[in-house]
Structures are given as C-alpha cells and as structure tokens.
Number of protein chains: 2
Amino acid sequence: MLRDQKKEVQALQDTIYVLGGKWRLPIINSICNGNHRFREIERSIPGITTRMLSRELKLMEINDILRRTLDPDAPGQVRYESTEYCFSFGPVIAEMIRWGTAHRKRVISQRKKEGI
Amino acid sequence: MLRDQKKEVQALQDTIYVLGGKWRLPIINSICNGNHRFREIERSIPGITTRMLSRELKLMEINDILRRTLDPDAPGQVRYESTEYCFSFGPVIAEMIRWGTAHRKRVISQRKKEGI
DNA sequence: CGGTATCCTGCTGGATACTG
DNA sequence: CAGTATCCAGCAGGATACCG
C-alpha cells in the first residue's frame, strides 16, 4: 500500500516535470487543434512570446513530443506536428480543460454571490 | 470553433495556474491518500522541505482546497483535510498518475533497447 | 514567415537554523 | 509535533530588438 503511494507520487512528479511550465500544455493543445505554423501557434496562445514558443518547441521536439518538418507543398515553410506520443497527453489535457472550465464558472458565480 | 479553442486554452492556463508548481498536486494526493498530519505529509513526499510544505498548505487553505483543524482527540495536534472542492481534482490527478506511470515504463524500456 | 540574441527581473524553491 | 525565519541561487519567463 505504502509502496503504491510512493509510486503514485513519483508518477505525478514525473508528469509535472515533463509538462512543467506555463506553456507546454497550451502548445500541445494548440497543435492538436490544427495549428501547425509558428505564427499560427503563437497567435492561438494569448500571452506567449516568440522566445518562449521557440524554446519550448525545440525542447519538445527533442523529447519526441512533436515533430518539425518542412512543408513539401510550400517551399521554406515549416510545419509542427504532434507525434503519436503526444496524443497520450490527450486525457490529461481533457481533464485539465474540464477542471479549468468548471473552476471559472465557480469563481464567477461566487463573485455574483458576493455582489461583485 | 475558434472561440472554443480560446476558451480551452484559457481553461488549461487556469488549471495550470491553480495547480502550479512542483508541490501542490503531490500534497493534494498525499492528503487524499490518508495523510493528515504535517510530518506525515512531509514524509510522504520525497524531496519536499518543511518550508515549501508550510507555504503551500497555507495557500491551499486560503483557496479552499483544504482545511486545517485542531484534532479534538489529540490536544495540540493539527489535522489537514481535503475539502469537497479538492476532490474535483481527482480525475486530473488520476490521469496524470496514469501518464507518469506509462512514461516511466517507456523510458525504461527505451533504455533497454539502447543497451543502457 | 520563422525564428535568434540580449538583457533583465522576480519568483520558486533549496539549505539551514531556530521556536513553542 | 508543527511549524517560522533567513538567506540565497537559479532559472523561468518577460521585453525588446534584430535577422535571413
């Protein structure tokens, strides 16, 4: 029993480590939602800078979470694509979106109660 | 469609914000797993310091994620308990544990392939 | 379009010691 | 047991400018 708990904590920490930071998950989500060009991804994520996007994309490419290719149809154009591995985050992301959505509703209705 | 995407990104970022940092999720997980005393929680999370635990507990209490009470059965003893709200993280945590576990297996089997 | 290069700030979190 | 207090480093991440 205690063994399992330690493993759970470690698994959690592993996930936090890999998905760590403000931008990783939003980037994955953006690409999985059909954004493939650099500027396109950038525009889809409010607040991100080119610097952070560039950096994170590079790291995630190294970690086999996504793939950078040159678009054969458009000369000199770059495409970012999710790998199969990337899709394994699907359920995690889905649950986080669900939670965030519910949370926002809760906060808003709380403000109403307090008359703000 | 594009509207939904923005909302998704925002929901994701909200969740990341609330669960942010290295320790929040492991702490929630620990308490939900039956640890209620300060030292108990501390021991269950490898690497955490008293300082970080203390700080995070305080913040999470403010945010209604957990509750601090004095144990009526044991004088001067403190109990940390999860609130109902805290349980809403359940699915998120479960998915993250699942992912982390699978990831670790993957990394290990990859190392074997590479003969490391 | 698809990025780099610099420069800089602040916060996260580690180490350690101490308290009632 | 249940924390506080201090001090400090590193790096995540912001702002801005520039490049082929």
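Quick note on labels: first sequence line is chain A, next is B, and so on, each numbered from 1. Side chains are part of it too, since the values below use all heavy atoms of this structure and drop only hydrogens, waters and symmetry mates.
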K.L.:
Could you list by number each residue of residues 52-62 of chain A showing a heavy-atom separation from DNA chain D of less than 4.0 Å, or answer none if no residue does?
P.N.:
Met52(A), Arg55(A)
K.L.:
Rounded to whole angstroms, how far apart are CZ on Arg68(A) and P on dC1(C)?
P.N.:
15 Å
K.L.:
Within the side chain of Asn35(B), is there an N or O that forms a donor-acceptor pair under 3.5 Å with the backbone of Ile31(B)?
P.N.:
no
K.L.:
Measure the distance from CD1 on Ile48(B) to P on dG3(D) and round it to the nearest whole Å.
P.N.:
13 Å
K.L.:
Residues in side-chain hydrogen bond (donor to acceptor under 3.5 Å, both in side chains) with Trp23(B), at least two apart?
P.N.:
none
K.L.:
Which heavy-atom pair separates Val78(A) from Arg68(A) by the least distance, and what is that distance?
P.N.:
CG1-CG, 3.7 Å
K.L.:
Taking the inter-plane angle between the rings of Phe89(B) and Tyr85(B) on a 0 to 90° scale, is it parallel (under 30°), tilted (30 to 60°) or perpendicular (over 60°)?
P.N.:
tilted
K.L.:
I'd like to check Ile45(A) versus Gln13(B) (side-chain heavy atoms, cut-off strictly below 4.5 Å). Are they in contact?
P.N.:
yes
K.L.:
Quick one: do Asn29(A) and Ile97(A) satisfy side-chain contact (heavy atoms from CB on, under 4.5 Å)? Show the steps, please.
P.N.:
CA-CA 10 Å; Asn29(A) 191 241; Ile97(A) 288 175; 4.0 Å; yes
K.L.:
Taking side-chain hydrogen bond (donor to acceptor under 3.5 Å, both in side chains) as the definition, give me every residue that meets it alongside Arg106(A), ordered by chain and number, with sequence neighbours left out.
P.N.:
Asp64(B)
K.L.:
For Leu70(A) and dC1(C), what is the distance between atoms CG and P respectively, to the nearest whole Å?
P.N.:
16 Å
K.L.:
Under the rule for side-chain hydrogen bond (donor to acceptor under 3.5 Å, both in side chains), what residues qualify as partners of Arg104(A), not counting sequence neighbours?
P.N.:
Asp14(B)
K.L.:
Find out if a path of hydrophobic residues (ILVMFWY) with successive side-chain heavy-atom gaps under 4.5 Å connects Tyr80(A) to Phe87(A).
P.N.:
no
K.L.:
Any side-chain heavy atom of Val9(A) within less than 4.5 Å of one from Pro46(B)?
P.N.:
yes
K.L.:
Pick base, sugar-phosphate or nothing for Arg79(A), based on heavy-atom distances below 4.0 Å to the nucleic acid.
P.N.:
nothing
K.L.:
Provide the closest heavy-atom pair for Pro91(B) versus Glu95(A) in the form atom of the first, atom of the second, distance.
P.N.:
CB-OE1, 3.2 Å
K.L.:
Could you state the CD-P distance from Glu42(A) to dG14(D), rounded to the nearest angstrom?
P.N.:
12 Å
K.L.:
Given dC1(D), is OP1 or OP2 found less than 4.0 Å from the side-chain N or O atoms of Tyr80(B)?
P.N.:
no
K.L.:
CD of Gln13(B) versus P of dA12(D): gap in Å, rounded?
P.N.:
18 Å
K.L.:
Treat primed atoms plus P, OP1 and OP2 as sugar-phosphate and everything else as base, then score nucleotides 15-20 of chain C 5' to 3': B for base contact with protein heavy atoms under 4.0 Å, S for sugar-phosphate contact only, - for none.
P.N.:
B-----
K.L.:
Under 4.0 Å, heavy atoms only, any strand: does Gln77(A) hit a base, just the sugar-phosphate, or nothing?
P.N.:
sugar-phosphate
K.L.:
Looking at DNA chain D, which of residues 14-33 of chain A put a heavy atom within less than 4.0 Å of it?
P.N.:
Gly21(A), Lys22(A), Trp23(A)
